[in-house]
Protein chains: 2
Amino acid sequence: MNEKTNLADSAYLQLKRDITSGAFKPDDKLLMSHLRDRYEIGTGPMREALSRLVAEHLVTAASQRGFRVAAMSTEELHDIYFARASLEAMIAELAVQKGDDSWEASVIASAHTLSRVEEVENAEQMLSLWDSRHKAFHNAIASGCGSNKLMELRTTMLDQAERYRQLWLRHTVFSPEALADKRNEHKMLIETLLSRDTKKVRTLVFEHMMNPIPIIEDILQEQGLAG
Amino acid sequence: MNEKTNLADSAYLQLKRDITSGAFKPDDKLLMSHLRDRYEIGTGPMREALSRLVAEHLVTAASQRGFRVAAMSTEELHDIYFARASLEAMIAELAVQKGDDSWEASVIASAHTLSRVEEVENAEQMLSLWDSRHKAFHNAIASGCGSNKLMELRTTMLDQAERYRQLWLRHTVFSPEALADKRNEHKMLIETLLSRDTKKVRTLVFEHMMNPIPIIEDILQEQGLAG
DNA sequence: TTTGCAAAAAATATCTACATTTTTATATAA
DNA sequence: TTATATAAAAATGTAGATATTTTTTGCAAA
C-alpha cells in the first residue's frame, strides 16, 4: 500500500513546513511565480496546495490579489493558546476516565524516552529530538481519550500553534532552568494522571499549556512580530 | 467593501451545499467532467474547491483516482457527535463563566424567536426557518465563550455533523412530540444558564447534544447508509 | 520644485484548452 | 475461469490567453 503522491501534495507539505519553520515570514506575499520556481511546479497544483493551507488558516487568500502567509499577533497567540489549552485539558480528563493499562504504560514509556534526551552533540539535533519526544509524550496522554475527531481537532490546533510554539521551544530547550521546570511539571502531571483525579488533571494540563504564553509574548515583542 | 469572489470560491460553496443537502450521496465518485458541467467551470478552480473540502473532511482524495464524497457510518456518527457534544459543553461552561448581561439578553432573544416558528404555510419553509433559528439560539449561547478559535472549532464540527444533523432535523421538526421535547430541553437549558451552575450546564448541554444519536442511527439503518 | 491626478505599462492572478500519464474497462487467448 | 493485451476513460499537469491589480510615467496645477 504505497501511498502515491501528486505534485499538489508535495508542494502542500513543503510550503507548510516552510511557513512553520519561518522560511516564509508572517504576512509575506506568496508570489505565484516565486512559488512555482521554488517548488518546481505549475500554477494549478500550486493553487491546490495553497487552497488547503487557506482551509487550515496558515495562509490567507484575497480574490485577485493572491495569497499571503497568515499574520501573527499577540492577540492570536492568546486566542490559540487558550483554545488549545482548554481542548487539551478536556481531552486529558477524558483520557483519565477512559484510559486503560496499556494507555498508562505508553504514557510512562514516552515520558521516560523524553527524559533521556541529553547525550546529543549537536544543539539543533537536541532541539528537534526533544521537540519530537515532547510531542510524543503529550500525544500519548491525549490518545487515551478514545475519540478520533477530538484528536483531529487537537492536530488542527497544534498546526495553528506551531509557529508560536517554535519560538517557545528554542527558549526552553536551551535554558537548563526552563528545561528542569518542564521536567517537574511532567513528573507532577504523570502522578496526577495515575491518581485519576480528573479535576486536578484538567487544571494541571490547562496551566501547563498556558505557561508558554508570557515567554512567547516577550519574543514576539523583541522580534517586532507583535502585530 | 464588496468581497469579490472567484470561480473556485463559488464552486466550493455550491459543492459543499450539494454534499450536505444530499444532492451528492456519501461515497459518490466526484467525476471531474461531471463537476465541470454542473458548475460550468474548468478543472483548475474545480480542483481548488475540492482541495478545500478535502481539508474539511467532506471529500476524500486518492492520488490519480480523483475525489469522492466522504462516506458516512454509524461509527463516524458516534465519533462526531461525541466530540461535538464535548466541545459544545465546554464552550457553554465557559460562556456561563464569562458571559455578561448582553450575552444573557441575546440568548433569551434568540430563544424567543425560535419559539415563534409556527405560523408558516409551507412545510419545507418551516423546516429551514426552525433550523436556522435553532442554530442561531445555540450560536448565541456559545458566543459568550469569548474565544474565536473555539468558535472556529465549533464550526468545523458543525460542518462535519451537518449531513447527519439533516436526517435528525426532518424527524424532529415534523414530529409535534419531538418538537415539544426540544422546547422543554431549551427551556431547562436557559434556566440553568441563568442560574450560572457551570457543572449542570456542562452535563445538560452534553446530553442535549447527544440526544439525536439514536434517532439518526435508526434513519441510517433504514436508508442503508450504515456503512 | 512639489503634489495630485490620469493614463499607460508592467506585473500578477485567474482561467481554459489541450497534452500527458495513469487507471479502469473490455476483449482475447491460454 | 484466469491472465494478458488493448482500448477507453479519467486524472493530472503545463502552457498560454484573459482579466485584474499594481506600479510607473507623464503632465498639469499649486
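Below, chains carry the letters A, B, ... as their sequence lines are ordered, and counting in each starts from 1.
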Response to the item:
Residue pair A/Gly44/B/Lys29 against DNA chain D: nearer the 5' end by closest nucleotide is B/Lys29
Discussion item. How about CG on A/Asp101, more than 12 heavy atoms from neighbouring residues, nucleotides or ligands closer than 6.0 Å, or not?
Written reply: no
Worksheet item: Rounded to whole angstrom units, what separation is found between the CG atom of B/Asn6 and the P atom of C/dA13?
Response: 13 Å
Practice prompt. Indicate, with a heavy-atom threshold strictly under 4.0 Å, whether A/Ser63 touches base, sugar-phosphate, or nothing.
Written response: sugar-phosphate
Worksheet item: Taking CD1 from B/Ile41 and P from D/dT18, how many angstroms apart are they, rounded to a whole number?
Response: 19 Å
Fill in: Salt bridge flag under 4.0 Å for residues A/Glu162 and A/Lys135
yes
Worksheet item: Closer than 4.0 Å, any side-chain N/O of A/Arg47 to the OP1 or OP2 of C/dT14?
Response: yes
Worksheet entry | Any A/Arg65 side-chain N or O less than 4.0 Å from OP1/OP2 of D/dT20 | no
Item to complete: Side-chain contact test, heavy atoms from C-beta onward, threshold under 4.5 Å: evaluate it for B/Ile213 versus B/Glu217 and give yes or no.
Response: yes
Worksheet, complete the sentence: Which of D/dT12, C/dT12, D/dT14 is nearest the side chain of A/Pro45? It is D/dT14
Item to complete: Measure from the side-chain heavy atoms of B/Leu7 and tell me the nearest of D/dG13, C/dA13, C/dT16.
Response: C/dT16
Worksheet item: Can you say whether the rings of B/Tyr81 and B/Tyr164 are parallel (under 30°), tilted (30 to 60°) or perpendicular (over 60°)?
Response: perpendicular
